Amino acid sequence: MAKRVAIVGAGVSGLASIKCCLEEGLEPTCFERSDDLGGLWRFTTKVCKVTKCPDFTVTGQWEVVTQCEGKQESAIFDAVMVCTGFLTNPYLPLDSVPGINTFKGQYFHSRLYKHPDMFKDKRVLVIGMGNSGTDIAVEASHVAKKVFLSTTGGAWVMSRVFDSGYPWDMVFTTRFQNMFRNSLPTPIVTWLIARKMNSWFNHANYGLVPEDRTQLREPVLNDELPGCIITGKVLIKPSIKEVKENSVVFNNTPKEEPIDIIVFATGYTFAFPFLDETVVKVESGQASLYKYIFPAHLPQPTLAVIGVIKPLGSMIPTGETQARWVVRVLKGINKLPPQSVMIEEVNARKENKPSGFGLCYCKALQTDYITYIDELLTSINAKPNLFSLLLTDPRLALTIFFGPCTPYQFRLTGPGKWKGARNAILTQWDRTFKVTKTRIVQETPSPFASLLKLLSLLALLMAIFLIFL
């Protein structure tokens, strides 16, 4: 009889978990409190409580209490996958904004924002310079009378279109680039990133340069913001000193600015209200989870948390790779290390001690995308072996190493292997530019092309030598 798995949440991590359970012959039931997408789902069903069964130490089973249309039900499951993510509770720091209670205009969290028409002919203040806050400020600038964007620490702003018109993530997220960054001291990496970010525009001239450049912060992806700033449509301001009835005073600027609407793009907190703190406890924005997934202290590894992580890369393949490993643990195919080993790793991750090399992942839940994915792939024997491929399929090996680290790579071998993965990797650039090459252009060969190819080949051979040195 297939093991029954309760999946809490039908977002991207929940859907990936459903798929992985079905692939491994498990029986998933997904509970989603909204009326949106799911899998083998129960819409508008709230999970009230998830508790251990009395014989948990033997069976590892959980009792899941749900509520739908005012009626509560209880069911027993062999395992639980929590897929509610970390964007669950809007963070509205009203206590840190003096005078907000006297404000006669409108204020709300960015989660409630739907359309810029609400800002028409208004004076708008957006607090927080993450991706959501920046997007809202740019959209508001098209219809609002005036838009202010308040930031405490600044941020690097980058275009989605990177060098030579390539998508930025396909250039940045490669195994070669990752190895190169991780081999350099952090101050050098920080300097290189600052230099690259400022090559598009000088952030200091736009009032955006980050105050703390050492600790990694998610970059802001916005192609329009610099143009909005230079044309005066968006005004960058420091943190708020005081809010008055119809205006705001910013720090280091004595002038009061009239404001009609304040948008708090101040992020989210997360919690698991249906779990007892003895199962999973959230402290300082993180939970004590082995590999960001398993509670290390449980005697049975039958509860997993998917998607509570902030990799510097795509969240969707990260959640799916987590789920692929989890379902194999639930089936008993893969085993977790002893509790002492897991607890030691959990504590080390929570301390967040910088290594001194590569990017500094010092904030809660931050991690290196490729390194983390490879850890999980190694656990299920699905990590591509570059050395072996270099001998048997050098073209594929070099494309994997120097090309974009796309999820096709995670399906080359091991459980869930896909026979089309090799071809998908070798042709990914063709698909990337198919939508842009709508006009055929005859390219004139350069007289230096042969020389450049020779130099590229030499650089390639040197890189390969360094890899396997």
Side-chain angles (χ1 to χ4, degrees), residues 96-97 110 123-142 144 146-169 171-172 177 180-181 184-242 248-257 259 262-267 310 312 354 356 358-363 366:
S96 61
V97 183
S110 58
R123 293 161 297 193
V124 181
L125 166 63
V126 181
I127 301 174
M129 200 181 159
N131 280 287
S132 295
T134 305
D135 287 345
I136 292 171
V138 167
E139 288 191 7
S141 71
H142 299 308
K146 208 168 190 179
V147 178
F148 299 93
L149 180 57
S150 171
T151 174
T152 302
W156 293 124
V157 179
M158 58 190 294
S159 172
R160 292 175 176 84
V161 182
F162 220 56
D163 297 344
S164 302
Y166 296 123
W168 84 272
D169 53 342
V171 175
F172 186 85
Q177 291 270 11
F180 179 70
R181 284 192 296 269
L184 295 176
T186 299
I188 294 179
V189 175
T190 302
W191 176 78
L192 288 172
I193 288 179
R195 189 169 180 268
K196 183 62 184 175
M197 295 297 104
N198 282 322
S199 66
W200 186 27
F201 67 94
N202 189 318
H203 283 60
N205 291 341
Y206 286 66
L208 297 173
V209 67
E211 290 184 0
D212 186 351
R213 305 186 197 183
T214 303
Q215 292 192 17
L216 177 69
R217 180 183 170 181
E218 181 184 8
V220 172
L221 290 167
N222 198 295
D223 298 271
E224 295 184 58
L225 182 64
C228 289
I229 295 173
I230 202 169
T231 56
K233 292 182 177 179
V234 174
L235 303 174
I236 304 298
K237 290 291 183 179
S239 58
I240 295 173
K241 181 179 180 180
E242 184 184 4
V248 169
V249 180
F250 297 97
N251 282 310
N252 304 320
T253 53
K255 181 184 175 183
E256 289 186 24
E257 297 289 354
I259 297 294
I262 300 176
V263 183
F264 285 84
T266 44
K310 297 178 182 178
L312 188 59
L359 294 168
C360 182
Y361 299 93
C362 297
K363 294 186 178 180
Q366 287 184 338

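Fair warning: this is a prediction, and the values are worked out from it, not measured in the lab.
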Residues forming a disulfide bond (SG atoms under 2.5 Å apart) with Cys228, sequence neighbours excluded: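 Expected list: none.
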Side-chain donor or acceptor of Asp135 paired with backbone N/O of Asn222 under 3.5 Å: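 A pair under 3.5 Å: no.
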For Glu139, all residues meeting side-chain hydrogen bond (donor to acceptor under 3.5 Å, both in side chains), sequence neighbours excluded: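 With sequence neighbours excluded, Glu139 shows a side-chain hydrogen bond (donor to acceptor under 3.5 Å, both in side chains) to Tyr113, given in chain and number order.
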For [X], side chain to side chain contact (heavy atoms under 4.5 Å, CB included) partners two or more places apart:
X	answer
Lys237	Phe148, Phe250, Glu257
Asn251	Ser239, Lys241
Thr151	Met129, Ile236
Pro187	Pro185

Pairs meeting criterion ring pair (Phe, Tyr, Trp, His ring centres under 6.0 Å) with involvement of residues 202-221, two or more places apart: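 Of all non-adjacent pairs touching residues 202-221, those that pass ring pair (Phe, Tyr, Trp, His ring centres under 6.0 Å) are Trp156-His203, Phe201-His203, Phe201-Tyr206.
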Those residues that, when tested against Glu256, pass salt bridge (charged side-chain N to carboxylate O under 4.0 Å, His left out) (two or more places apart):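 Partners of Glu256 under the salt bridge (charged side-chain N to carboxylate O under 4.0 Å, His left out) test: Lys244.
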Salt bridge (charged side-chain N to carboxylate O under 4.0 Å, His left out) partners for Arg123, two or more places apart: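 Arg123 satisfies salt bridge (charged side-chain N to carboxylate O under 4.0 Å, His left out) with Asp260 only.
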Residue pairs involving residues 152-163 (criterion salt bridge (Lys or Arg N to Asp or Glu O under 4.0 Å); sequence neighbours excluded):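 Pairs touching residues 152-163 that pass the test: Arg160-Asp223, Asp163-Lys196.
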Sequence-distant partners of Trp168, ring pair (Phe, Tyr, Trp, His ring centres under 6.0 Å), two or more places apart: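 With sequence neighbours excluded, Trp168 shows a ring pair (Phe, Tyr, Trp, His ring centres under 6.0 Å) to Phe172, given in chain and number order.
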Results of ring pair (Phe, Tyr, Trp, His ring centres under 6.0 Å) for Phe180 - residues two or more places apart only: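 Residues passing ring pair (Phe, Tyr, Trp, His ring centres under 6.0 Å) with Phe180: none at all.
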